[in-house]
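A short worksheet on the structure shown next.
In the text below, chain A, chain B and the rest are named by the order of the sequence lines, each starting its count at 1.
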Amino acid sequence: MTDPATAPEPLRAAVRRAVQAAWERATAEGALPAVPADAVAPVVEIDHPGNPEHGDLASNLALKLAKPLRRPPMAIAEALAGALRAEAADLLGEVSVAPPGFLNMRLAPGAIEAALDAVRSADAAFGRVRVAAPQRLNVEFVSANPTGPLTVGNARGAFVGDLLCRVLEAGGHTVTREYYFNDSGRQVRVLGASVAARRLGEELPEEAYRGDYVEDLARALPAETWSAATAPGADRDGMIGAWASERIRSGIQASLEHLGVRFDVWKSEASLHRDGWVDRAVERLRAGGHIYEEEGATWFRSTTFGDDKDRVITRGNGEPTYFAADIGYVTEKFSRGFDHLIYIWGADHHGTVARVRNAAEAMGYDREHVEMRLVAWVRFVRDGQEVSMSKRAGEFITLDELLAEVGVDAARWSFGSRTPSTPIDFDIELAKKQSAENPVYYVQYAHARIASILRKAVESGIAPAPSLAGAIADDPVAGALAREILRLPEVVEDAATDGQTQGVTAYATELATSFHAYYRDRRVVDPADPATSAARLALVDAARIALRNALALLGISAPEQM
RNA sequence: GCGCCCGUAGCUCAGUGGACCAGAGCAUCUGACUUCGGAUCAGAGGGUCGGGGGUUCGAAUCCCUCCGGGCGCGCCA
């Protein structure tokens, strides 16, 4: 994509600055008193009123100022409105005041037209913004251990994490996508033992992975690996487990790429130990007095930071816990220069959030920059019956299977439109049935329809007008669509700021609805009226760009025809 | 028992301090193609926002409490 700097400033941001300036102006001119030193000055908030009669944009600033300024909100609003009319004549048309103290604003038609022209020149960059404080971010997600293929249980984390990354990037942050996997330790040995048993045709051990994929692995095991692993003195289960987990890991990578989810860094747990990150981190904690030995184990004094209990770092048998690797990993990540770490974890991991953040704080990092986002569990249901998922027992539906039935675009939409922290029921039969009715097709259809119109225009020899100046001022139907188009950067700004990414699907739906309404009311290509057609084509082209960019943000295709 | 998350229309879910914001999609019902794509559009019915208290000029949204559901509380990962 193009440099975000080339993207136009969101109109709302421009209005926010104008209102801020008007406030300062009114204060300087004596129309409003200054905020007393002991009071907190409110932040200027601009939103879109639900009722169109209230204008395009509104601010509750006067309501917020009423208390600190000890003035009636209506009087404050009048003072602000007066200053604003002088401050932003080009940007705003009508500025009015409504009880109990709202400041209502209507955009100047010229400002809307100019913004639409900017949309078309920004093209792919439209919708990319720069948040107040762009950061270098590390986002770790999925991170399923390579002891079996990804299941539908991993789907939500994958989609939610990928969407968050896309949104953060569109907001101007620099994002590294990271997958952490456990390639050593007990589970890998169990996997190795399971594969070895299959290879030998033996009964599986009590604790074993039982899925069909274990059988496949046993068949695919190269003869050289097998003979090396079974040589006298060789660590058979460890060696086979290592081979198997790497093979599974690359399969996971392929599955994720099929979903359009790519990682920049694949980090192995073993490498954190091998490269000394874990030892150094523990020493760092020890130097700070946060470590003690008891009952043969090494403990981190997590209770210092409010945890319920202290946490074991090294077991009595000398083996480090998973938590030890987590601590080392934090230092390793920060050593790469990230400002902020984000972890997307399943809700079942919430018990481990505090200890990792506590350890980070103990090592001298700002715990606010170690952020865990918990994704609620998906309850998979088939015909009303819960489908139990167990990799060990071999009872699971793989991610690949789900997507073969539901489709990547529909699945991305389904998970992207829901708040990550809300638990959801996912009925697989219903999803298959409903995949044809997924709202994603509604949005894609709008895009395809626009593409069709543009093709039609080429046939008719009518090109979109280079500029919309003066073209939509007195057409309310066009104005409604234009306003919707111009909201994309605001949606991105909001989502990148608070991480509430589900607003993007809502926006895409609303934009599609606006376009369909426009299509209904205005004939775009009319050979009898080339001038009007050219202007309408330009507007529709801007809608195409907004729709396509919103879908791109969601990782969903924008088809030219369906 | 303690901690975290959740409870909004028949179903799946948005909205989490503002003014017709009580919404969307699906489902149900009624309409609309001799005109740019009907995978569309117009309209209808349907909810004491789990219950109750409180804070506020204003509460689905914040606080308390109760009820209901999920998850966690390992020298597992």
Side chain to side chain contact (heavy atoms under 4.5 Å, CB included) test vs V19(A) passes for just one of L84(A), L57(A), L80(A), namely L84(A)
Is the phosphate of C76(B), meaning OP1 or OP2, less than 4.0 Å from a side-chain N or O of R315(A)? yes
**OP:** Measure centre to centre between the rings of F141(A) and F263(A), then say whether the value is under 6.0 Å.
**Re:** yes
_Heavy atoms only, 4.0 Å cut-off, all strands: where does A506(A) land among base, sugar-phosphate and nothing?_
nothing
Does Y507(A) make a side-chain N or O approach to OP1 or OP2 of G15(B) shorter than 4.0 Å? no
Here the distance between atom P of C76(B) and atom CD of E319(A), to the nearest Å, is 9 Å
| query | Rounding to the closest angstrom, what is the interatomic distance between C11(B) and U28(B) at atom P? | reply | 15 Å
Mind checking if N104(A) touches a base, just sugar-phosphate, or nothing, with heavy atoms under 4.0 Å? base
C36(B) -> Watson-Crick or G-U wobble partner, both distances under 3.5 Å, gives none
When rounded to whole Å, the CH2 to P distance for the pair W413(A) and A24(B) reads 15 Å
One pair to check against ring-ring contact (aromatic ring centres under 6.0 Å, His included): F305(A) and H290(A). What are the steps and the verdict?
CA-CA 10 Å; F305(A) 304 93; H290(A) 300 293; 5.5 Å; yes
Categorize T352(A) for me: base, sugar-phosphate, or nothing, with a 4.0 angstrom heavy-atom threshold over every strand shown. base
Looking at K309(A), I'd like to know whether one of its side-chain N or O atoms comes within less than 4.0 Å of OP1 or OP2 on G74(B). yes
Next on the checklist: Please tell me if Y442(A) has a side-chain N or O lying less than 4.0 Å from either OP1 or OP2 of C41(B).
Outcome noted: yes
**Item:** P-based separation of C6(B) from A24(B) [nearest Å]
**Value:** 24 Å
* Asked: Hey, is R483(A) close enough to D56(A) for a salt bridge, meaning N to O under 4.0 Å?
  -> yes
Distance, P atom - from G45(B) to U35(B), rounded to whole angstrom: 32 Å
**Prompt:** Does G15(B) have OP1 or OP2 sitting under 4.0 Å from an N or O in the side chain of T419(A)?
**Reply:** yes
Discussion item. Counting the benzene-type ring for Trp, do F515(A) and H447(A) have ring centres under 6.0 Å apart?
Written reply: no
Sugar-phosphate only, base, or nothing, as touched by A446(A) at under 4.0 Å among non-hydrogen atoms: nothing
ask   = Are the side chain of W299(A) and the backbone N or O of E294(A) linked by a donor-acceptor pair below 3.5 Å?
value = yes
Assign E560(A) to base, sugar-phosphate, or nothing according to its heavy-atom contacts below 4.0 angstrom with the strands shown. base
message = Students often get this wrong, so: under 4.0 angstrom with heavy atoms, is L374(A) touching a base, only sugar-phosphate, or nothing?
response = nothing
H516(A) NE2 to G37(B) P, in whole Å, measures 13 Å
From OH of Y519(A) across to C1' of A39(B) the rounded distance in Å is 13 Å
What is the nucleic acid contact for R523(A), judged by heavy atoms within less than 4.0 Å: base, sugar-phosphate only, or nothing? base
request  = Look at R455(A) and C36(B) and indicate whether a side-chain polar atom (N or O) is within less than 4.0 Å of OP1 or OP2.
outcome  = no
Partner of C75(B) under the Watson-Crick or G-U wobble criteria, both distances under 3.5 Å, comes out as none
Margin query: Using the C1' atom as the point on both nucleotides, what is the distance between C21(B) and C13(B), in whole Å?
Written below: 16 Å
- Task: Quick one: label S421(A) by what it contacts on the DNA or RNA (base, sugar-phosphate, nothing), any heavy atom closer than 4.0 Å.
- Result: sugar-phosphate
*Determine, answering yes or no, if F102(A) is stacked on A19(B) under the 5.5 Å centre rule and the 30° plane rule.*
yes
ask   = Which part of the nucleic acid does H350(A) contact within heavy-atom distance under 4.0 Å: base, sugar-phosphate only, or nothing?
value = base
Here the distance between atom C1' of G37(B) and atom CZ of F515(A), to the nearest Å, is 10 Å
* Given the P atoms of G38(B) and C33(B), what is the spacing between them in whole Å? -> 13 Å
Check: Does the pair R522(A)/D475(A) count as a salt bridge with the N-to-O cut at 4.0 Å?
Finding: yes
Result for 5'-nearest mapping on RNA chain B, choosing between I453(A) and P420(A), is P420(A)
Checklist entry - Which part of the nucleic acid, if any, lies within contact of Q561(A), taking any heavy atom under 4.0 Å across all strands shown: a base, the sugar-phosphate backbone alone, or nothing? => result base
Discussion item. Could you tell me how far A22(B) sits from A27(B) if I compare only their P atoms? Round to whole Å.
Written reply: 26 Å
- In whole Å, what separates the C1' atom of C62(B) from that of G17(B)? 8 Å
Among C36(B), U12(B), A19(B), the one nearest any side-chain atom of A58(A) is A19(B)
G25(B) -> Watson-Crick or G-U wobble partner, both distances under 3.5 Å, gives C11(B)
Lys/Arg N to Asp/Glu carboxylate O, R16(A) vs E493(A), below 4.0 Å
yes
Pairing partner of A42(B), by Watson-Crick or G-U wobble and under 3.5 Å for both distances, is U30(B)
- What does R522(A) touch in the nucleic acid at a heavy-atom separation under 4.0 angstrom: a base, only the sugar-phosphate, or nothing? base
Distance between C1' atoms of G10(B) and G70(B) (Å, rounded): 23 Å
Here the distance between atom P of A39(B) and atom NE2 of H447(A), to the nearest Å, is 18 Å
*asked:* On the nucleotide G15(B), are OP1 or OP2 found under 4.0 Å from the side-chain N or O atoms that Q502(A) carries?
replied: yes
Practice item. Just call it for D308(A): base, sugar-phosphate, or nothing, with non-hydrogen atoms closer than 4.0 Å on any strand. Key: nothing
Rounded to whole Å, CG of D348(A) lies from P of C4(B) at a distance of 17 Å
Rounded to whole Å, NZ of K64(A) lies from C1' of G18(B) at a distance of 8 Å
